[in-house]
Amino acid sequence: MRSVVLDLETSSLYANTGIVLCGVTKEYDAEFNKPPVIFRADDYPNWKTNKSNYKRLVRDILDHVRVFDIVIAHNGQYFDKTFLNSASIKYNLGHTLRGVKFIDPVMIARRHLRMARNSLASLIDYFDIEDKKSPLRFGHWIKASHDS
């Protein structure tokens, strides 16, 4: 079975008020040495003139992810999956992530752990994992989505 880790970055937490800025996937394999696949909105020709239309970006992310049997995404069940599904329906792309097997560490943490917060940064800190989540200020999202 093939598995992929997925993360979306968007300009808002809601599909009706934001756009997808980028999506990153990393195939999970035994060596975990395959490079990530990065889909950036500003790599698409319409970015400078029509940022609100991110149809091709979403289509490319969905086409890439759908070849995998399992998708792993932190808070992916209620964010990444639903944001992509909303955009797919809006743009009549013909396929969503409905029915795709999702593993969501947030849901696992909520069900099986007793944490004050279930954010990726909190879990990394609690379990003393050396790799840290990169902090990013909200202002960076504003610049990424609004500045050319």
Side-chain angles (χ1 to χ4, degrees), residues 1-111 115 117-125 129 131-148:
M1 294 186 95
R2 292 182 67 201
S3 302
V4 68
V5 178
L6 167 69
D7 189 29
L8 286 185
E9 300 304 337
T10 63
S11 65
S12 171
L13 295 176
Y14 303 98
N16 62 327
T17 61
I19 63 171
V20 175
L21 298 172
C22 71
V24 179
T25 67
K26 177 124 171 85
E27 183 170 358
Y28 184 84
D29 65 328
E31 292 80 38
F32 214 60
N33 60 6
K34 293 186 179 179
V37 177
I38 302 169
F39 301 90
R40 292 175 47 135
D42 61 344
D43 285 341
Y44 289 80
N46 67 313
W47 175 252
K48 291 223 182 258
T49 58
N50 193 6
K51 288 181 176 82
S52 64
N53 184 339
Y54 52 101
K55 177 181 181 175
R56 290 179 58 198
L57 172 65
V58 169
R59 184 198 62 214
D60 290 350
I61 294 169
L62 286 170
D63 286 347
H64 176 72
V65 169
R66 67 190 282 184
V67 303
F68 294 94
D69 302 300
I70 299 171
V71 177
I72 303 162
H74 195 83
N75 202 29
Q77 191 69 22
Y78 292 111
F79 181 72
D80 305 74
K81 180 179 182 179
T82 56
F83 208 106
L84 287 172
N85 286 347
S86 299
S88 178
I89 293 166
K90 172 186 172 106
Y91 291 123
N92 278 330
L93 295 177
H95 62 280
T96 65
L97 296 177
R98 188 171 184 256
V100 172
K101 174 65 177 165
F102 254 77
I103 295 176
D104 187 340
V106 163
M107 295 180 77
I108 294 169
R110 285 181 184 150
R111 178 173 285 167
M115 308 294 291
R117 297 189 69 229
N118 294 303
S119 69
L120 188 56
S122 293
L123 294 172
I124 287 170
D125 184 53
I129 296 171
D131 294 325
K132 301 297 178 198
K133 184 177 183 313
S134 300
L136 195 58
R137 295 188 329 244
F138 190 71
H140 290 148
W141 298 131
I142 299 291
K143 288 179 185 238
S145 61
H146 298 301
D147 293 351
S148 293

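As a basis for the values below, the full set of heavy atoms in this structure was taken, side chains included, without hydrogen atoms, waters or symmetry mates.
The closest donor-acceptor contact from the side chain of Asn85 to the backbone of Leu97 lies under 3.5 Å. A donor-acceptor pair is defined here as one N or O able to donate and one able to accept, closer than 3.5 Å; no such pair exists between the side chain of Thr17 and the backbone of Ser12.
Phe68 meets the ring-ring contact (aromatic ring centres under 6.0 Å, His included) test with His64; sequence neighbours excluded. Every residue two or more places apart in sequence or in another chain that forms a ring-ring contact (aromatic ring centres under 6.0 Å, His included) with Tyr28 is listed here: Phe32.
Under the 4.5 Å side-chain criterion, counting only non-hydrogen atoms from C-beta, Ile70 is in contact with Ile103. Contact annotation: the side chain of Lys26 never approaches that of Pro35 to less than 4.5 Å [non-hydrogen atoms, C-beta and beyond]. Contact annotation: the side chain of Met107 never approaches that of Phe102 to less than 4.5 Å [non-hydrogen atoms, C-beta and beyond]. Looking at heavy atoms from C-beta onward, Leu84 lies out of side-chain contact with Thr82 at the 4.5 angstrom threshold. Put simply, the side chain of Tyr91 does not reach to within 4.5 Å of the side chain of Arg59, judged on heavy atoms.
Looking at every heavy atom in both residues, His74 comes nearest to Asp80 through O-OD1, 3.9 Å. When all heavy atoms are compared, the tightest approach of Asp104 to Gly76 is OD2-N, 3.1 Å. Nearest heavy-atom pair across Val58 and Ala87 is CG2-CB, 3.7 Å.
The aromatic rings of Tyr54 and Phe83 lie tilted to each other, with the angle between the two planes from 30° to 60°.
In this model, a donor atom of one side chain and an acceptor atom of the other lie less than 3.5 Å apart for Tyr44 and Asp60. For the 3.5 Å distance criterion, the side chains of Asp63 and His95 qualify, holding a donor opposite an acceptor.
In this structure, Arg40 places its CZ atom where only 12 or fewer heavy-atom neighbours from other residues, nucleotides or ligands lie under 6.0 Å away.
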Name each donor-acceptor pair under 3.5 Å that joins a side chain in residues 1-8 to protein atoms two or more places apart or in another chain, with its distance.
{"residue": "Arg2", "atom": "NE", "partner": "Glu27", "partner atom": "OE2", "Å": "3.1"}
{"residue": "Arg2", "atom": "NH2", "partner": "Glu27", "partner atom": "OE1", "Å": "3.2"}
{"residue": "Arg2", "atom": "NH2", "partner": "Glu27", "partner atom": "OE2", "Å": "3.4"}

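Going from atom CG of Leu57 over to atom CG of Asp43 covers 9.0 Å, rounded to the nearest 0.5 Å. Rounded to the nearest 0.5 Å, atoms CZ (Phe39) and OG1 (Thr25) are 5.5 Å apart. In this structure, the separation between CG on Asn53 and CH2 on Trp47 is 11.5 Å, given to the nearest 0.5 Å. In this structure, Asp125 CG and Arg117 CZ are separated by 11.0 Å, a value rounded to the nearest 0.5 Å. Atoms NZ and CG, on Lys55 and Asn46 in that order, are 11.5 Å from each other to the nearest 0.5 Å. Rounded to the nearest 0.5 Å, atoms CG (Leu21) and OG (Ser11) are 5.5 Å apart.
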Inset, instruction - Could you go through the side-chain contact (heavy atoms from CB on, under 4.5 Å) check for Leu93 and Leu62 one step at a time? - result: CA-CA 9 Å; Leu93 295 177; Leu62 286 170; 4.2 Å; yes

